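Here is the structure we will look at, set down as structure tokens.
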Amino acid sequence: MKIRIENSIEKKTGLLCGFVLTNSNKISGLPKFDVKTTSSINQSLKDMDGKFGKLSIIHTPGEKSNERILLAGIGKKEDITKDTIRMISGKMAQKARELKLKEFSVIMPPSFVTESNSAITQIIEGVKMALYNFDKFKSEKSNNILDLTIITSKSNKILEIAKTAEIIAEGAIFTKSVANLPPNECTPTTLANFAKTISKKGKMKCKIISEPELKKQGFGGISAVGKGSKNEPKLIVMEHNSGRKNEKPIVLVGKAVTFDTGGISLKPGASMDEMKFDKCGGCTVLGIMKAVSELKLPINIIGIIPSVENMPSGESYRPGDIIKLYSGKTAEILNTDAEGRLILADALAYGEKQYSPKAIIDFATLTGACIVALGTNVAAITSNDEKLTKKINDASKRTTEEIWELPLNQDYMDMIKSDVADMKNVGIGRAAGTITAAAFLKNAIEKTPWTHIDIAGVAWTQGATKEKSYNPKGATGFGVRLILDYLQNL
Ligand code: BES
Ligand code: MG
Ligand code: ZN
């Protein structure tokens, strides 16, 4: 998809889209039309009254510059947010696709542009993300060659903001497209190959650690969980070194269980297919690293993805096993379905020891309890560092990927104490399941500021997920825009 920015409508467009506010009798930024068109627009404006999400199409046979006008309601002026702009922009794009057009235009309302900011970012994100469609395995593909023209006052700064928005949206789309892959088509080796490809394109270093090296180097968590599958485990490490030579990096870690059956502690059958999304944390890191290299961010960033398939077999690890993690600490396994914390603990300890980073941020579809606590529109964040949490919170306000902090004090650490090892891989019953999982991770880190983001509820669309045009069914790419915003504002 090509995106153009133009000061005015120059070429004929198949669909000219305008945002309509409630209680407003015009769309600001619209050019002059002939009498007939103007009266149709006025009638439609009255009928729809800018109701949020309402679309109204006006055919304009007499007009030279466009074939149709799309009025898109965005609600009351005081209720407009970056997210509502994203959602309505996405709807415009989907309408253009439905009409089988090859291009469409969006008029930027002057009120969406302030000195320091322009809604161009949200329009581009909304349009691009809404047009992504997981149709890789469908014989009939949907039309995705759809060019966009945004009508707004053009400047070098605007062009630069637009380019950045495109890269960020493409990062999120890449995350979605890998996360949506079925488990027979996406194993730890597949993810490693994706990492190699984006590293090569983005001039990043990429290292893949496989068995027997994993075992030899002490990755007891990854080795144990990976044992049950013939798709062997991988530890994927990507390095974007564009900062100063001695500047400490930021380490990003993402859980990538390409399929989580639960292992010997087998999950029930209902919805087990959704556990292909248990690799979403790792896919988030892939999408961020891709974008970071394309944006050429002048910082050092390391992406670490522990990847396994959690399967039951004669070779699987079992409840009762005691394993030794990369940190040197031992863990008693009481449930093989609590596998994410084991592979993450290895990756977190490796990240800290190998890179002495400024900060570590991890993403994981870690606990079903997170969905019970916060639902499917808000991710849980736990941390050992208030300052880092604040920065991530600030980024979250800007990108509207919502997060909520849960406490993580000593009482929760006590809940994972084991009688026979340094810790156990489950808490006490179902109490505070998201926090006891985070407590396990906290034990892997010695002193580095760290936050853990549990994306179990938000990584893909589930029953209770709020509908958003830019998040069609499937993986959402949650966290990509969030962390890119954080990194850009460092
Ligand atoms: N991948 C799951 C968590 C999950 C479940 C995410 C459902 C999204 C939707 C994780 O590996 C898991 O199975 N966790 C267990 C932990 C329990 C055994 C302590 C859970 O949440 O039930
Ligand atoms: Mg599990
Ligand atoms: Zn899992």
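Just so it is clear, the structure is predicted and the values come from calculations on it, not from any experiment. Just so you know, ligand 1 is whichever comes first in the structure, and atom 1 is the first atom listed for that ligand.
- Neighbours of the Zn ion (ligand 3) restricted to protein N, O or S atoms under 2.8 Å: the count is 4.
- Side-chain contact annotation: Glu352 with Thr448, donor-acceptor N/O pair under 3.5 Å present.
- Here atom 7 (C) of ligand 1 lies nearest to Met275 when heavy atoms of Lys267, Met272, Met275 are compared.
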Does the pair Thr367 and Asp454 meet the rule for a side chain to side chain donor-acceptor pair (under 3.5 Å), with working shown? CA-CA 7 Å; Thr367 62; Asp454 193 329; 2.7 Å; yes

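- Ring pair Tyr132/Tyr470: centre-to-centre distance not below 6.0 Å.
- Contact check on Glu274 versus Lys276 returns no salt bridge, with no Lys/Arg side-chain nitrogen under 4.0 Å from an Asp/Glu carboxylate oxygen.
- With salt bridges taken as basic N to acidic carboxylate O contacts below 4.0 Å, none links Lys391 and Asp394.
- For ligand 1, the atoms lying closer than 4.0 Å to a non-hydrogen atom of Asn335 are 18 (C).
- For ligand 1 and Thr365, the ligand atoms under 4.0 Å from any heavy atom of the residue are 1 (N), 2 (C), 3 (C), 6 (C).
- Looking only at heavy atoms of the protein, atom 3 (C) of ligand 1 is closest to Leu366 O, 3.5 Å.
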Could you go through Val292 and Ile483, starting from their C-alpha distance and side-chain angles, then the distance that decides it, and tell me whether this counts as side chain to side chain contact (heavy atoms under 4.5 Å, CB included)? CA-CA 10 Å; Val292 151; Ile483 295 308; over 6 Å; no

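- In Lys255, the part holding a heavy atom less than 4.0 Å from any atom of ligand 1 is the side chain.
- In this structure, atom 12 (C) of ligand 1 lies nearest to the protein heavy atom Asp337 O, 3.2 Å.
- Counting heavy atoms closer than 4.0 Å to ligand 1, residue Ile371 contributes side-chain atoms (C-beta onward) but none from N, CA, C or O.
- Atoms of ligand 1 found under 4.0 Å from any heavy atom of Ala456, numbered from 1 in the order shown, are 6 (C), 8 (C).
- Cation-pi check for Lys290 over Phe174 is met; the charged atom lies under 6.0 angstrom from the ring centroid and within 45 degrees of its normal.
- Residue Arg341 touches ligand 1 through its side chain alone, judged by heavy-atom distances below 4.0 Å.
- Inter-residue side-chain proximity for Leu191 and Thr258 is flagged as met; some heavy-atom pair is nearer than 4.5 Å.
- A salt bridge is defined here as a Lys NZ or Arg NE, NH1 or NH2 lying under 4.0 Å from an Asp or Glu carboxylate O, and Glu247 with Lys358 meets this definition.
- Looking only at heavy atoms of the protein, atom 1 (N) of ligand 1 is closest to Asp278 OD1, 2.8 Å.
- Atom numbering of ligand 1 starts at 1 in the shown order; those under 4.0 Å from a heavy atom of Gly368 are 3 (C), 4 (C), 5 (C), 20 (C), 21 (O).
- When distances from atom 14 (N) of ligand 1 to the protein are checked, a heavy atom turns up under 4.0 Å.
- Contacts of Phe440 with ligand 1, taken as heavy-atom pairs under 4.0 Å, are absent altogether.
- Listed by number with element, the atoms of ligand 1 under 4.0 angstrom from any heavy atom of Glu339 are 11 (O).
- Taking the six-membered ring where tryptophan is involved, the planes of Phe277 and Trp460 are essentially parallel, since the angle between them stays under 30° and well short of 60°.
- Less than 4.0 angstrom separates some heavy atom of Trp460 from each of these atoms of ligand 1: 8 (C), 9 (C).
- Residues Arg86 and Glu125 are paired through a salt bridge, judged by an N-O separation under 4.0 Å between the basic side chain and the carboxylate.
- Salt-bridge formation is not detected for the pair Glu332/Lys424: no Lys NZ or Arg NE/NH1/NH2 atom is positioned less than 4.0 Å from an Asp or Glu carboxylate oxygen.
- When each atom of ligand 1 is checked for a heavy atom of Val426 under 4.0 Å away, the hits are 19 (C).
- Within the coordination shell of the Mg ion (ligand 2), defined by N, O or S atoms under 2.8 Å, Asp260 is present.
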Show your working on side chain to side chain contact (heavy atoms under 4.5 Å, CB included) between Ile123 and Ile85 and close with a plain yes or no. CA-CA 7 Å; Ile123 294 178; Ile85 298 173; 4.0 Å; yes

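- Ring-plane geometry between Phe134 and Phe137 is classed as perpendicular, the angle between the planes exceeding 60 degrees on a 0 to 90 degree scale with a lower cut at 30.
- No donor-acceptor pair closer than 3.5 Å links the side chain of Asp79 to the backbone N or O of Gly75.
- Angle OE1 (Glu339) to the Mg ion (ligand 2) to OD1 (Asp337): 120°, rounded to 10°.
- Only the side chain of Asp260 comes within contact range of ligand 1, with a heavy atom under 4.0 Å; no backbone atom does.
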